[in-house]
Each structure stands twice: as structure tokens, then as C-alpha cells.
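Computed from a prediction, not measured in an experiment: that's the story for all the values here.
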Amino acid sequence: MFERNGVVGGRMATVTISGQTFEAGASILHPKNYHTVNFTKLLNLKPKDPPSSEDSTAFGIWDGSEFVFKTISVSSTVPFVQKIVSLANSVLMVLRYGLSLLRMESFTESAVDKFLKYYESFETRPVFESVDEMLKWAGLYNLTARSLEEELIDARLSPLLMQELVTIITRINYGQSLSISGLAGAVSLAGSGGGLWAVEGGNWQMAAGLINRSDVALHLHEEIESISYLGEYYELNSTKGNSYTCQITVVATPLDELNLHFSPPISIPERKLQHTHATFVRGALNPAYFGLDGVSKIPELVATIEDPDLPFTCISVLKQHDENDFTYKIFSRKPMTDTLLDDIFSVRKETIRINWGAYPHYKAPEVFAPFILDGRHLYYVNAFENAASTMETSAVAAENVARLILSRFFSKPSVTSLNLKTSSDAREELHLDL
């Protein structure tokens, strides 16, 4: 295994601010992400406790001049008070968006329910040689052929809900608007519900733990720059001048921005990555920037509508140290300059910037790269990212590639499944959860 950086995990990474560690990349996991649930148990990792209420984080929708919608926030930790506030916020949401909220939930539930087919036993689940085949089997392919906006219009969601709530969710989770494909949009909406979790100390530990449990030679700080098929084997040449030979090669990183040479050449559809700039600040927001007279009146999550003039996608509180001292995370499509940050913040003690090539730039109809790049034994896990890009979808795609290798190279069509929940169990729990 070759990793160009000094730590494994890729887009699962952490950042340290003032001695405290926070997720910097892929941050949230869904309670029905059964691969990552099982990885966590297998590796004895500790899931972060969910907040006492899924509505405990107050959010506001900022249009550049005012908050067009805000939920109620209280500092009380008394469960009864929190429950009252949660109910009040639910009423506010219903008053603003009406029955469209139920239609949005139904749309999301339908997509997640189909995705759960990927946890069925190997006896009933085929090995897929293409992403198209994999999506069609689960009934998800059509969602990649149309935009989220088209899907939600057909689902009879109100324009207001789409322009506000759905838009802020897709902007936060994928940095994009309602023009993303329907499946990516459904996955984004699923990532905004209750019961979300992360691994204590960083999600990257799942990758590290699985590597440690396997019999693999890990080469850190070594990037592969060329892959050549030489008849009976592949030759891999690295930036360190080393050469390696193997019979099977798996590419498990997006090829879109890599200078990786293939011989003979391969052909995959052009795909652009959506860059998200993550900026971490220890300090305090400037209430005057938001037309308010105190930091305490700024919601814990400031989300924004789709407007090219808005300089950021969202600002969220990661930790409150005291009434005028916070650690924030800002997402934006462009770098946040010091001048802009000085306008938004009244105090800035520490600032860290990360530019992520975070996920594909989604555009329906999606066209997929093949899992098998050369018709032989050169495999590509990240072909699936055009459908949806998450930690769990990457694990689902990787499992399929592993089964492809076993069935094509070792001629073992049946391999033992992980001890995952059955589809019927998963569906029942999903309905209860939603």
C-alpha cells in the first residue's frame, strides 16, 4: 500500500487548534452506515456520543443581509427545557415549510432504503463489474440521471423548502446547489438527520486500524507516478525511484487531479472535483457583520442560500470555550482572505486553512468510470464517487472491488460476508429512526 502523505486516511483527517483536535475532512457518519459501524466495533474505537437532542444546534439561514429563518436557542442543559425548545423549533419548521418536510423525508427514506440492498448477503447480491450495473441492481441509477431539483419538483416539494433548507444542506455537505444529481442530493439529505456520529479522536483511525489488522506493507511518503502492464504483471514506479511488480493493482484515490501515467493508456470520463476550503478559527464572530448586537445572538450554525456574492457556505461552532471565545469551522468555495476574515470576526487568535479536493462536481446525467480500468486486473474504487461520495459509499465500493478480485483472479465466486445486519432488519430500524 502506497500513501503519498505521512498519515493514512486521505480525506478523513483532523486538525489541531490550540491543542484540541477536530475533524477537518469527512466528519459525519449515519447510524445506518453498517460498514463503518462494524469497523468501529472491530477496532474497539469509541463513537462520539450524539448530542442530547438532534435539534440542540440552533441554525440560521443567512441571505447576505439578514437571517431569513432562525431556530430558537437556549443555553439550558435541563432535558425538559431542551425538549420544549425542540418541539417549538419543529413547530417553526412546519409553519414555514408545511407538508413539504414530510415529502422531503419520504424522498430521502426511499433512497436510503434502496441503498440498504448493498448489505444483503453475498448469496443474493451479485458482484458488479460496473457502477451502472451496481446502481441499477439497487434501483438507484435513475437518481443519477436527473438533477436533485428535478427529482424534488416531481416529489412536490415547495420552492421555499428547496431554495432554503434543501439548498443549505447540499451546500454544507457537497458545496453545491440543487443542480447536483438526485442520488448525491438524497445522500446529502440523509446526512442531515438525527443520530449522526463520528469516531472519537478522528475518523481516520478506521483506515489506520484496518491497515494495522491486515498483512500489508505500508509505504508512507511514497507516491506512485506510473503503472505499466508488462504482459504477466504490473510495474509500479514511485516518486522515490523505486519499482514494484504485482499481479493486481487497485487505485483507491481519485484520478482527477493526479499526474499518474498509465501504460498502455486508460480512458475514463472527464470529471472535475469540487474544492471546498475549510478554514478553522479560534476567536469570536463580529455580530455587527450579521446586523446583531451580541455574539450570543449569532446561531451556532450560520448557513447560506445559493448566491454567488456570498463569501462563505457556512460557519459552525466546533467548541465554545467561554462567552466570547469559540473555535469555528468555515466552509467556502474560494479561499477566505485575511481581510474578509477580519470583517467577519472581531477576534482571531488562530487560523488554519485547508483546501480539499473534496468530492466530484456532480452534474446529471452522471457518467461513470469503470471499476476495471484495463479489462485485466487494474481496479478503480473511486469510480463510485460519481454516484455519491461518503466514507460509507467508499467502503461499499471497496467491498465490491475486493469481491471482483476474488471472483476474477482467484475464481472464487462465493466469499464469506461480514456480520452485517440483514436488509429487512436494516429497513425496519431505518423506518423507526426516521
Side-chain angles (χ1 to χ4, degrees), residues 28 30-31 50-109 112 148-149 152-153 155-173 177-178 185-186 188-196 285 287 289-307 310 312-318 320 323 326 328-331 431-434:
I28 57 171
H30 192 275
S52 57
S53 166
E54 64 185 66
D55 301 304
S56 61
T57 298
F59 78 91
I61 302 175
W62 174 252
D63 70 357
S65 58
E66 64 176 343
F67 285 102
V68 295
F69 180 76
K70 280 201 302 183
T71 57
I72 301 168
S73 175
V74 293
S75 57
S76 173
T77 57
V78 177
F80 176 74
V81 174
Q82 290 182 332
K83 189 66 176 176
I84 294 296
V85 171
S86 175
L87 288 171
N89 283 330
S90 296
V91 171
L92 287 175
M93 298 277 283
V94 170
L95 288 174
R96 187 166 184 84
Y97 302 118
L99 292 176
S100 278
L101 288 168
L102 295 177
R103 297 186 186 115
M104 180 179 74
E105 183 179 298
S106 177
F107 169 78
T108 307
E109 179 181 353
V112 174
L148 176 62
E149 185 172 23
L152 295 184
I153 288 172
R156 297 186 297 120
L157 267 69
S158 70
L160 184 64
L161 179 64
M162 290 165 59
Q163 292 161 11
E164 292 185 356
L165 196 60
V166 177
T167 293
I168 69 171
I169 291 169
T170 59
R171 281 169 60 85
I172 291 171
N173 288 337
S177 69
L178 295 176
S188 180
L189 291 171
S192 65
L196 303 178
L285 285 169
Y289 182 88
F290 299 98
L292 302 172
D293 56 12
V295 175
S296 62
K297 295 185 178 180
I298 303 173
E300 294 168 271
L301 170 62
V302 178
T304 55
I305 60 170
E306 186 64 29
D307 184 336
L310 292 173
F312 60 88
T313 301
C314 63
I315 303 175
S316 58
V317 174
L318 296 178
Q320 181 173 357
E323 61 182 24
F326 303 80
Y328 298 93
K329 177 166 68 174
I330 306 112
F331 282 163
H431 290 302
L432 288 171
D433 184 59
L434 290 174

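Here the shortest heavy-atom pairing between Tyr328 and Leu285 reads OH-N, 3.3 Å. Across Pro299 and Phe59, no two heavy atoms sit closer than the pair CB-C, 3.8 Å. The nearest pair of heavy atoms linking Ala190 to Val112 is CB-CG2, 3.8 Å. Smallest separation of non-hydrogen atoms from Met162 and Leu157: SD-O, 3.7 Å. What you find for Thr71 and Asn89 is that their closest heavy atoms are CB-OD1, 3.4 Å. Considering all non-hydrogen atoms of both residues, Leu152 and Val166 come closest at CD1-CG1, 3.6 Å.
Screening Ile168, Leu301, Ile330 for a side chain to side chain contact (heavy atoms under 4.5 Å, CB included) involving Cys314 leaves a single residue, Leu301.
Counting heavy atoms from C-beta on, the side chains of Thr304 and Arg171 come closer than 4.5 Å.
Applying the salt bridge (charged side-chain N to carboxylate O under 4.0 Å, His left out) criterion to Glu66, with sequence neighbours excluded, gives no partner residue. Shown here are the ring-ring contact (aromatic ring centres under 6.0 Å, His included) partners of Phe107, two or more places apart in sequence or in another chain: there are none.
For Gln320, the CD atom sits in a packed shell: over 12 heavy atoms of surrounding residues, nucleotides or ligands are nearer than 6.0 Å.
The line from OG of Ser86 to CD1 of Ile72 is 10.5 Å long, rounded to the nearest 0.5 Å. Rounding to the nearest 0.5 angstrom, the gap separating the CD1 atom in Ile28 from the OG atom in Ser192 is 8.0 Å. With rounding to the nearest 0.5 angstrom, the CG atom of Asn173 is 8.5 Å from the CG atom of Leu189. Atom CG of Asp307 is separated from atom CH2 of Trp62 by 11.5 Å, given to the nearest 0.5 angstrom. The CG atom of Leu99 sits 11.0 Å away from the CG atom of Leu161 when rounded to the nearest 0.5 Å. In this structure, Leu310 CG and Ser65 OG are separated by 9.0 Å, a value rounded to the nearest 0.5 Å.
Using cut-offs of 30° and 60° on the angle between ring planes, the pair Phe290 and Phe312 is perpendicular.
Applying the salt bridge (Lys or Arg N to Asp or Glu O under 4.0 Å) test to residues at least two apart or on different chains, the pairs with a partner in residues 80-104 are Arg96-Glu164.
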Point to revise | side chain to side chain contact (heavy atoms under 4.5 Å, CB included) assessment of Leu165 paired with Leu101 | key: CA-CA 10 Å; Leu165 196 60; Leu101 288 168; 3.9 Å; yes
Practice item. Run the numbers on Leu95 and Val91 for side chain to side chain contact (heavy atoms under 4.5 Å, CB included), then give the verdict. Key: CA-CA 6 Å; Leu95 288 174; Val91 171; 3.9 Å; yes
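In terms of modelled atom types and a separation under 3.5 Å, the side chain of Thr108 and the main chain of Met104 share a donor-acceptor contact.
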